[in-house]
Every structure is written in C-alpha cells, then in structure tokens.
Trainee: 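Handing you a structure now.
Heavy-atom basis, side chains included; hydrogens, waters and symmetry copies ignored.
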Amino acid sequence: MPRLLTSPADRLAGALVGAALALLAGWWLDAQPVPVADGTTGRLQCISYAPSDAGVRHPRGVTREQLQRDLALLAQRSNCVRTYTVSEGFAQVPEVARELGLEVLLGAWIGSDAAHNEREVALVIDTAQRHRDTVRAIVVGNEVLLRHELTPDQLAVLVRRVGAATGMPVTYADVWGFWVKHRVLAQAVSFVTVHIIPYWDDDPVGIEAVIPYVDALYGEMQRTFPGKDVLIGETGWPSAGRPRGAIEPGRVNQARYLRGFTALAERSGIDYNLIEAFDQPWKRAPEGTGGGFWGLYDSQQRAKFPWLGPVAEVPQGRAVLTLAVVCGALGALAGLIGGGATRLRRSLAYAAAAALLVGIGARQWLYLEAGNVAPIDWVATLGVTAAGWLAFGLAVRTLASARATRDPLPRWLVLLLLLCCAYVCLGLVFAGRHRDFPVWLFLPAALGIAITAILDPQARAATLHARRAIDEVLLATWLVMAGVLIPLLERFQNGRSIGWGLTSALLGLGVLLPLAL
C-alpha cells in the first residue's frame, strides 16, 4: 500500500489544498454578520446629492423625474440635501425638495473659469431668491483652494457678493487643513464649512480610533474659528477601494463609521452633512476605486447597510463558499478516475484547483466590477486574469501528471505576467495614492509560477540559462524588492498591502529561486 504524501509533489498538492481551505475560510468570515454599534435612530441632518444613475462619466444634466425619484428616497431618511452646482438642471432641486419637505444647502460650483463662475453666481442668486423658504444656506465653492483654482481673496469677493444679493447665510466648503491655512476667509462667510474625511488625510486613522479623532478635530475647528458656527460639510467612509494606511474601506467599516459618527453628532450637537447619497462610479477615474463608493445607497438605490443590527461584509459569500465546496468535491472525484500511483496527488490537486478557481474567481469579479472604468481597463485586467489562470492551469496539470515533465511555462506567458506585475508595482511605489492592490488578479499567476518552480527547479533554471533571460531576472528582482517596499510605505498597517507584497514577492521568487538552488 503506497504511503501518503511522501514525495515533494504530493506535499505540494497538500499545500495547495491548505491554500484552498484558507481561502474558503476567508469567504466564510466575510459572510458572517458582524456586531456593529447602532447609529442614530433619528433622521440624518443632511446628505450630499448627485443623481443615483450616474455612470462612468461625469453626469451631464439631471431631469425633474430623476430628482423626484432620488429625493423621495432621501426624504425618508433625511431632512436636507446638499448640492454642488445650480447648472445642469440642479437649479430645480429646491422646488422638488419643497414638495418633499426637504431643505437644501444650495451649492454654486466655482473654479478657474471666470466666465463659468459669473454664470454660476448669477444662477445661484436667482435660484436662492426664488426659493427662500427651502434654501437653508448657499455654499459658494467646494474645495477650490484644495484644487488651487482661486485665491482666498478671489473667493471672498464671490462669497460676499452672493451674501449681499440674497441676504441669506453664505459659506464656503473645503478640507479642514485648508481652512486652517487660510483663516482670513472666515471673515467673509456666515459660518465655516469644513470637510473632515479621515480616508483622505495624510496620516489616516483606523476605524477603531476614528470617532474620537473626528470629535477632537471638530473641537479644534471650533476653537480655531471663535464666534463662527462650524458645519462638517462632508464626512463619510468608502465601502470599496484601496486601504490607506490603517484605514480599510468596506461595507462593515462604512457602517461602523457612519453609525458611530451620527451617534456622536446626536450626543454632542455637531452640525453635519454626510457624503454621499448614492455611489458615483464616474469618480473612480479621478479618485481611484474608492471615489465611486461613498454612497449610503448604491447606484441602483439599494441601501448599503442597515442602521441597526449586525452587518456582513459580503452577504453573498455563503453562496460562493457553497459553490467552491461543491466544485472542490467534483474535482476530487475527477482526480480519482483512472487510478494509478499518483491518483491521490491528482485528486488533491484537482480538488484544490477547482475550489481556488471559484473562490479566487469570485474575488476577481468583485475587484473587476468595482475598479474598471473604461473599456481599456476591462481589456487589460481580463487579459491579466486569463494569463494568470493559464499559468495556474499549466502548473496544476504538471503537478497532477502521472509522469515527470520538464515542459516549462511558455516564455511569453511568464514575461507578460512579470511585466504587468512590475508595472503595477511601479505605480504603487511612485504614485500609489489612488491605485488598488490587485492581489486577487495576480494570485493565480504567482501560484502557477511558484508551483512550476518548486516541482522542478533544475528544469526552470536550465530554461532561464538557455534563454539568457536577464529581462525575467531583472523584473523578478524588482518584484521581490517591491514586495517589501509597498507594505513598508503603508507602514504594515493594512492586510491588503501586505497581501500584495507577498503576491509580488512570490511571483518574483518563482523565477529567482531555481537559479539559487
């Protein structure tokens, strides 16, 4: 009777099963409802509004029908909406809001185009004067200083002009740090509107410490501008996107933050506006994946999370887990067909491969759906996905084979995967603020190249020498270096950057280790 898992190939098949089980455990955890402290039971004070059906391009125009549909939903949960422009049909918002019992923080979009600013100011004055009973205040400009489009003095002129023409409360909105830098602007506004968005801070604070951080920062703003009321004009948390330092986007953390913040505001009397009502997929282009997922509702008007009770990160995780287990069992049965001395190894390899295909494939789909904006993004990411699974499939076939094989992975395939991974690492190291960590996209490739190298390192080394593949060696060396550097840049504060570092390093070591043995 043959001994079990005695050869290196047998043990490698067992390790692959262990990787599959770890992946399935991750799906199980993501599907479990997590206890989250309840938020405010009252109505939300105000919510930033843009249309719910915004696509991959900046929305151009909004119809009355869209406004009635969206604002009717928001009126069930909030007393107020904040807008950012009166152009493109948004001048209709106060009239529709009045019908639904909502107030409006009416925004005027100000930028570097003087002619546009003139039109916007004239229209916001006219709109506010016609809807004085609905407009709570006018917000002249949003993060203009952050974008370096006007000076504080130029902004102050516009703010005072709108205030004098309407006789209504007028403010300007920007990130808290720019208010601190340009305090003189406070003299022109009726009240100070600061954006406190921990995700974008230079030194992000994790979910466990973020509510005390926001509370302390709000108090600091009140002390910085004595005699002025302070409104938090934007605050929120993304449900998807790249982690930044200790900040992890996600459905559970979004619920934790918004529940915790609204409860704090209710206790402490903080005036606020949440960002934002609906996901805006078009924001992924300028802000990265996270930019499209700040909504309390998704772009189909579905609530992201309940305001009371536990929250699951990926509710559909149970279905993925079930499918992966079924496919793994079928893979194990397929491996037993035909008998032979390697039957057990083949059964384990096929079972693990089938479970990994479902488990990783589902993660890949969530990543692709969240992050891809333009058709070129889909072409590129699907190409990497297909190449990675091809490498993994060739490696599993070699592992399950009844006889040893010295057929290496095709050079073009290895070089393509190394180049793509190296490009991602360059972006993350030198311009990583808005870039994702595509762990799931490259994991099959890393596993495939590593399995092939471990099975027959001498063959892989001989192939590299025969190719004189200095390009592969240099790329692989960069991937190993980046695998350490990228988590270091994130101060080892989030699991996804560490996961990407391990994936990048594994892909590189799959090329380099055979040369060292």
Trainee: Residues two or more places apart in sequence or in another chain: which of them pass salt bridge (Lys or Arg N to Asp or Glu O under 4.0 Å) with Arg259?
Mentor: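 Asp38.
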
Trainee: List the atom of Pro249, the atom of Trp237, and the distance in Å for their closest heavy-atom pair.
Mentor: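 Looking at all heavy atoms of both residues, the closest pair is CA-NE1, 3.9 Å.
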
Trainee: Look up atom CD in Glu287 and atom OG1 in Thr289, then write down how far apart they are to the nearest 0.5 Å.
Mentor: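 The distance works out to 11.0 Å.
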
Trainee: Could you tell me which residues satisfy side chain to side chain donor-acceptor pair (under 3.5 Å) with Thr262, sequence neighbours excluded, listed by chain and number?
Mentor: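 Counting only residues at least two positions away or on another chain, Thr262 forms no side chain to side chain donor-acceptor pair (under 3.5 Å).
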
Trainee: Going by the rule side-chain contact (heavy atoms from CB on, under 4.5 Å), which residues pair with Glu313 if we only count those two or more places apart in sequence or in a different chain?
Mentor: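 For Glu313, the residues satisfying side-chain contact (heavy atoms from CB on, under 4.5 Å) (neighbours in sequence not counted) are Asp30, Arg251, Val252.
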
Trainee: Check whether Trp27 reaches the backbone of Ala362 with its side chain - one donor and one acceptor, N or O, closer than 3.5 Å.
Mentor: no

Trainee: Look at the side chain of Ser239 and the backbone N and O of Gln254, then say whether any donor-acceptor pair between them is shorter than 3.5 Å.
Mentor: no

Trainee: Would the distance check show the side chain of Tyr367 and the main-chain N or O of Leu441 forming a donor-acceptor pair, the cut-off being under 3.5 Å?
Mentor: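 No, Tyr367 side chain to Leu441 backbone: no donor-acceptor pair under 3.5 Å.
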
Trainee: Under a 3.5 Å distance rule, please check whether Arg346 uses its side chain to pair with a backbone N or O of Ala334 as donor and acceptor.
Mentor: no

Trainee: Apply side-chain contact (heavy atoms from CB on, under 4.5 Å) to Gln66 and list each qualifying residue two or more places apart in sequence or on a separate chain.
Mentor: Pro51, Asp53, Val62, Thr63, Arg69

Trainee: Classify the ring geometry of Tyr199 against Trp294: parallel below 30°, tilted from 30° to 60°, perpendicular beyond 60°.
Mentor: perpendicular

Trainee: To the nearest 0.5 Å, tell me how far Thr398 OG1 sits from Leu409 CG.
Mentor: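 So the gap between those two atoms works out to 7.0 Å.
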
Trainee: Is the distance between the ring centroids of Phe442 and Trp440 under 6.0 Å?
Mentor: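 They do not qualify: ring centres at least 6.0 Å apart.
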
Trainee: Could you check whether Asp279 and Tyr297, counting side-chain N and O atoms only, form a donor-acceptor pair closer than 3.5 Å?
Mentor: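 No - no donor-acceptor pair under 3.5 Å links their side chains.
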
Trainee: Strictly distance-based, threshold 3.5 Å: is any side-chain N or O of Ser347 a donor or acceptor partner for the main-chain N or O of Gly335?
Mentor: no

Trainee: Determine yes or no for a side-chain-to-main-chain donor-acceptor pair under 3.5 angstrom, with Arg82 supplying the side chain and Tyr49 the backbone.
Mentor: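 No, the answer is negative, given that no donor and acceptor are paired below the 3.5 Å cut-off.
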
Trainee: Do any pairs count as a salt bridge (charged side-chain N to carboxylate O under 4.0 Å, His left out) and have a residue in residues 330-344, sequence neighbours left out, and if so which ones?
Mentor: none

Trainee: Side-chain donor-acceptor contacts of residues 496-511 below 3.5 Å, not counting sequence neighbours, with atom names and distances?
Mentor:
| unit_1 | atom_1 | unit_2 | atom_2 | d |
| --- | --- | --- | --- | --- |
| Arg496 | NH1 | Gly241 | O | 2.8 |
| Ser497 | OG | Asn494 | O | 3.0 |
| Ser497 | OG | Asn494 | OD1 | 3.0 |
| Thr503 | OG1 | Gly499 | O | 2.9 |
| Ser504 | OG | Leu479 | O | 2.8 |

Trainee: If you measure only the distance, is there a donor-acceptor pair under 3.5 Å linking the side chains of Asp215 and Ser268?
Mentor: no

Trainee: List the atom of Ser48, the atom of Asn273, and the distance in Å for their closest heavy-atom pair.
Mentor: OG-ND2, 2.8 Å

Trainee: Of all the heavy-atom pairs spanning Cys425 and Trp478, show the shortest one and how long it is.
Mentor: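 Nearest heavy atoms, Cys425 then Trp478: CB-NE1, 3.6 Å.
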
Trainee: For a quick test of reading the model, state the closest non-hydrogen atom pair linking Leu366 to Gln316 and the distance between them.
Mentor: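 Closest pair (atom of Leu366, atom of Gln316, distance): CD2-NE2, 4.0 Å.
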
Trainee: For Trp200 together with Trp176, are the ring centres under 6.0 Å from each other?
Mentor: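 Aromatic pair excluded; centres sit 6.0 Å or further apart.
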
Trainee: How close do Val384 and Leu417 get, heavy atom to heavy atom, and via which atoms?
Mentor: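 Minimum heavy-atom contact is O-CD2, 4.3 Å.
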
Trainee: Test: salt bridge (charged side-chain N to carboxylate O under 4.0 Å, His left out). Region: residues 479-494. Which pairs qualify, not counting sequence neighbours?
Mentor: Asp203-Arg491, Arg242-Glu490

Trainee: What's the shortest heavy-atom distance between Ile207 and Asn253, and which atoms?
Mentor: CD1-O, 3.7 Å

Trainee: Determine, step by step, whether Asp471 and Arg411 satisfy the salt bridge (Lys or Arg N to Asp or Glu O under 4.0 Å) criterion, reporting the C-alpha distance in whole Å, the side-chain angles of both residues, the deciding distance to 0.1 Å, and the verdict.
Mentor: CA-CA 11 Å; Asp471 48 1; Arg411 171 172 165 76; 2.7 Å; yes

Trainee: Write out all pairs satisfying side-chain hydrogen bond (donor to acceptor under 3.5 Å, both in side chains) with one or both partners inside residues 72-81, taking only residues at least two apart or from two chains.
Mentor: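 Sorted result for residues 72-81: Arg43-Asn79.
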
Trainee: Could you tell me which residues satisfy salt bridge (Lys or Arg N to Asp or Glu O under 4.0 Å) with Glu276, sequence neighbours excluded, listed by chain and number?
Mentor: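 Only Lys283 meet the salt bridge (Lys or Arg N to Asp or Glu O under 4.0 Å) criterion with Glu276.
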
Trainee: Which pairs pass salt bridge (charged side-chain N to carboxylate O under 4.0 Å, His left out) with one or both residues in residues 428-444, sequence neighbours excluded?
Mentor: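 Of all non-adjacent pairs touching residues 428-444, none passes salt bridge (charged side-chain N to carboxylate O under 4.0 Å, His left out).
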
Trainee: Could you list the donor-acceptor pairs under 3.5 angstrom formed between side-chain atoms of residues 387-395 and any protein atom two or more places apart in sequence or on another chain?
Mentor:
| unit_1 | atom_1 | unit_2 | atom_2 | d |
| --- | --- | --- | --- | --- |
| Trp389 | NE1 | Gln364 | OE1 | 2.9 |

Trainee: Can you list the residues that meet the side-chain contact (heavy atoms from CB on, under 4.5 Å) rule with Ala246, with sequence neighbours excluded?
Mentor: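 Once residues adjacent in sequence are excluded, the partners of Ala246 under the side-chain contact (heavy atoms from CB on, under 4.5 Å) criterion are Gln493.
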
